[in-house]
Protein chains: 2
Amino acid sequence: MKPVTLKEIAETLGISITTVSKALKDYPDVSKKTKRLVKELAQTLNYKPNAFAVNLRTKESKTIGLIIPEVVHHFFSSVIKGIIAQAEKKGYLVIILQSNESYELEKKQLDLLFSKRVDGVLISLANGTGDFKHLNDLMAQETPLVMFDKIAKIVNCSKVIINDRKAAYTATKYLIDSGCKRIAHFRGPLLPQNSIDRFLGYKQALVDHGFVYDPSLVYILDAMSFDEGNYYAAQLLKDHKDVDGIFINTDLVAIGAINELNKRGVKIPDDISIIGFSNWFMSSVISPTLTTIDQPGYLMGKTAFKLLYKEIKKRKNNQAVVYEEVELPTELIIRESTK
Amino acid sequence: MKPVTLKEIAETLGISITTVSKALKDYPDVSKKTKRLVKELAQTLNYKPNAFAVNLRTKESKTIGLIIPEVVHHFFSSVIKGIIAQAEKKGYLVIILQSNESYELEKKQLDLLFSKRVDGVLISLANGTGDFKHLNDLMAQETPLVMFDKIAKIVNCSKVIINDRKAAYTATKYLIDSGCKRIAHFRGPLLPQNSIDRFLGYKQALVDHGFVYDPSLVYILDAMSFDEGNYYAAQLLKDHKDVDGIFINTDLVAIGAINELNKRGVKIPDDISIIGFSNWFMSSVISPTLTTIDQPGYLMGKTAFKLLYKEIKKRKNNQAVVYEEVELPTELIIRESTK
DNA sequence: TTTAAAATCGAAAACGTTTTCGATTTACCG
DNA sequence: CGGTAAATCGAAAACGTTTTCGATTTTAAA
């Protein structure tokens, strides 16, 4: 049973394809009676327009692409949820691709999306991307792009971000204010902007409060996993007996660290205070519960789509597009892992 | 700058569209020289075939749809990851829709996917669906469908599942073997097959081991949230002072329950043992760590796609399709929340 | 009854591919 | 050089829509 087409409806009704098409879309130049007939038949035959044909004709796919580094991730899945919820409201479908933090994959996937002629793409960069030609190429071909969370400052497009630097500053300052004297930092990889900014915020807070910045206190992680949290917590204990606070780039790692410290009998927060980043659900559930920075994933997804949608509209109407950079608020969530 | 088409390449090279198309796809009836010329130009112009046109012609979208109840969910996001990883290997893109446990939405989304002429759809049912006409309609129109995790036994299609009943039996039996005398069950809503099966497994284990089944010991939850875990744990304490074990439908609720019991000074597992279901990452991290049933999400996603892919292939070659039902293994993960 | 205006309809082109099949060119052999 | 086989090419139809614009029919007015 093949999908029913306009042609079939037209033939069984003895009218032209044109009229059927117009009847279905309530054109003014088709009679009420014909409209009723057509709509009824379409209904009973369960007619659904072939999106390919429509898109080929109208050049609109009503589909956007989304590239994220990792799907199984509390923050990113919240973002996804925000995006598809908002997209659905506007009649858009979203194709999700996972870059696995690989620049090469990211490039390939962008090509794929272009081939599908998506109306726009939303992207959060892989840790591995230091070159942005693929992004600029896409935009050069009229495909709107908006970046969120892990962005590249140098690329000229709309962005939705948080102020990582400020948030990290706040977190570190809280550690300082609560009496920590020697504060370590588990940072993310070198390339991503947010891991740079969080590091910078940490450093700034230190300097502003009369600490001397000690590079041996910052550990550069790679996978940002629970296991790395375990490993570097142990490492830190070995390297620096005097550390009494850690600001950690992301909650998952922080939870790994807490796990390791618990195991070794280190008292949190009495011996060492810990602050994470992101406010994963898990953070409110482990013991001790984790002080962290709340990062609004759902809102970020929603906002990113809105920006993209606005740009799609503008382009469609041949209006000038202005790139926006919206900064979402973060919040320090104080729990048990700090004094 | 409009996307470049075959026509453009053909014109600048002074050859026909046909030849360009064939050159790009390495047809044997175009000369090496022409192929080289075409490919070079395509490369420099950054030509990407218009998927709409291709699909309209070939009737293959190389896209599948995925409908799941909830994105922000450890199990489902693992499934998603498995699906898109496997799909990418075979050159398929996946459109993800979230039904939010709503039957109405699910129906609408299925229509949307059909309109997009996806090559197939993967679905895990919403809790609210008790009617399956929308699924049968889709299949009647030649769109392969495979269900996973939350399935409907009555629908005739390929499925990938776990043996919920057996797993629940194992869990409950473990509680019994470890000495529990009065075992409660927090079950899911009434409709979904897996919540029924888990309940049945629980009941069977009880009966098989000389317990009398007491309906007042099973609580029917709705949202399956952390908060519900809190609430029903409190409720249980009020209703039944003698309960010493709970088998809980899903880890998130179990974690909520543990949270509440911890707060009230109930000792786990000494006073009450708890077993969850799914093996969320979180379960290995809370205190006490949660004994649970491991449910292989990534593998399930991968398998579901494979089944779908097989069916797509078969249909394409006009071969008879046979529906398969594959059952994935589960495993009891013993941790601290049980004796 | 004629005529102009309004209402209703449909032919055809276009979107960018793929593929069949016939046409043309080239190479080769005697 | 003639003829056949092989190599190379392109015209055209098709996929299912949308939309323009001209054609036809109906209605209402004169």
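So you know, we letter chains A, B, ... as the sequences are listed, proteins then strands, and number each from 1.
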Checklist outcome for this item: Taken to the nearest whole Å, CG/B:Leu6 to P/C:dC15 is 13 Å
Item to check | Atom-pair distance (NZ on A:Lys33; C1' on D:dT25), nearest Å | outcome: 13 Å
Checklist entry - Parallel, tilted or perpendicular: which fits the ring planes of B:His73 and B:Phe76, with parallel below 30° and perpendicular above 60°? => result tilted
Checklist entry - Which part of the nucleic acid does B:Thr5 contact within heavy-atom distance under 4.0 Å: base, sugar-phosphate only, or nothing? => result sugar-phosphate
Item to check | Gap between atoms CG and P, on A:Leu56 and D:dA14 respectively (whole Å) | outcome: 17 Å
Next on the checklist: What is the distance, to the nearest angstrom, from the CD atom on B:Glu11 to the C1' atom on C:dG16?
Outcome noted: 13 Å
Item to check | Nucleotide of C:dG16, D:dT19, D:dC9 approaching B:Ala53 most closely (side-chain heavy atoms) | outcome: C:dG16
Checklist entry - Would one find more than 12 heavy atoms of other residues, nucleotides or ligands at under 6.0 Å from atom CD of A:Gln43? => result no
Next on the checklist: Mind checking if B:Thr18 touches a base, just sugar-phosphate, or nothing, with heavy atoms under 4.0 Å?
Outcome noted: base
Next on the checklist: Among B:Lys310, B:Lys159, B:Lys314, exactly one meets salt bridge (Lys or Arg N to Asp or Glu O under 4.0 Å) together with B:Glu324. Which residue is that?
Outcome noted: B:Lys310
Checklist entry - How many Å lie between CD1 on A:Ile17 and P on D:dT18, as a whole number? => result 11 Å
Next on the checklist: Under 4.0 Å, heavy atoms only, any strand: does B:Tyr27 hit a base, just the sugar-phosphate, or nothing?
Outcome noted: sugar-phosphate
Checklist entry - With sugar-phosphate meaning primed atoms plus P, OP1 and OP2, does A:Ser31 contact a base, only sugar-phosphate, or nothing at under 4.0 Å between heavy atoms? => result sugar-phosphate
Checklist entry - Applying the side chain to side chain donor-acceptor pair (under 3.5 Å) test to A:Glu88, which of B:Lys108, B:Gln98, B:Gln109 qualifies? => result B:Gln109
Item to check | Within-4.5 Å side-chain heavy-atom neighbours: B:Lys48 and A:Arg117 | outcome: yes
Next on the checklist: Please confirm whether the shortest side-chain N or O distance from A:Tyr47 to OP1 or OP2 of D:dT17 is below 4.0 Å.
Outcome noted: yes
Next on the checklist: Without decimals, in angstroms, what is the distance between A:Arg57 CZ and D:dC15 C1'?
Outcome noted: 15 Å
Item to check | Residue B:Ser16, side-chain atoms from C-beta onward, closest of D:dT19, D:dG10, C:dC9 | outcome: D:dG10
Next on the checklist: What contact category does A:Lys25 fall into here, base, sugar-phosphate, or nothing, at under 4.0 angstrom with non-hydrogen atoms?
Outcome noted: sugar-phosphate
Next on the checklist: Is the phosphate of C:dG10 approached by A:Thr19 (side-chain N or O, under 4.0 Å from OP1 or OP2)?
Outcome noted: yes
Checklist entry - Which whole-number value in Å describes the distance from B:Arg117 CZ to D:dC15 P? => result 14 Å
Next on the checklist: The side chain of A:Lys59 is closest to which nucleotide in this list: C:dT17, D:dG16, C:dG16?
Outcome noted: C:dG16
Checklist entry - How close or far is atom P of D:dG16 from atom NZ of A:Lys7, stated in whole angstroms? => result 8 Å
Item to check | Nearest-neighbour nucleotide for the A:Asn50 side chain, C:dT17, D:dT17, C:dT8 considered | outcome: D:dT17
Checklist entry - Does OP1 or OP2 of D:dC9 have a side-chain N or O of B:Thr34 closer than 4.0 Å? => result yes
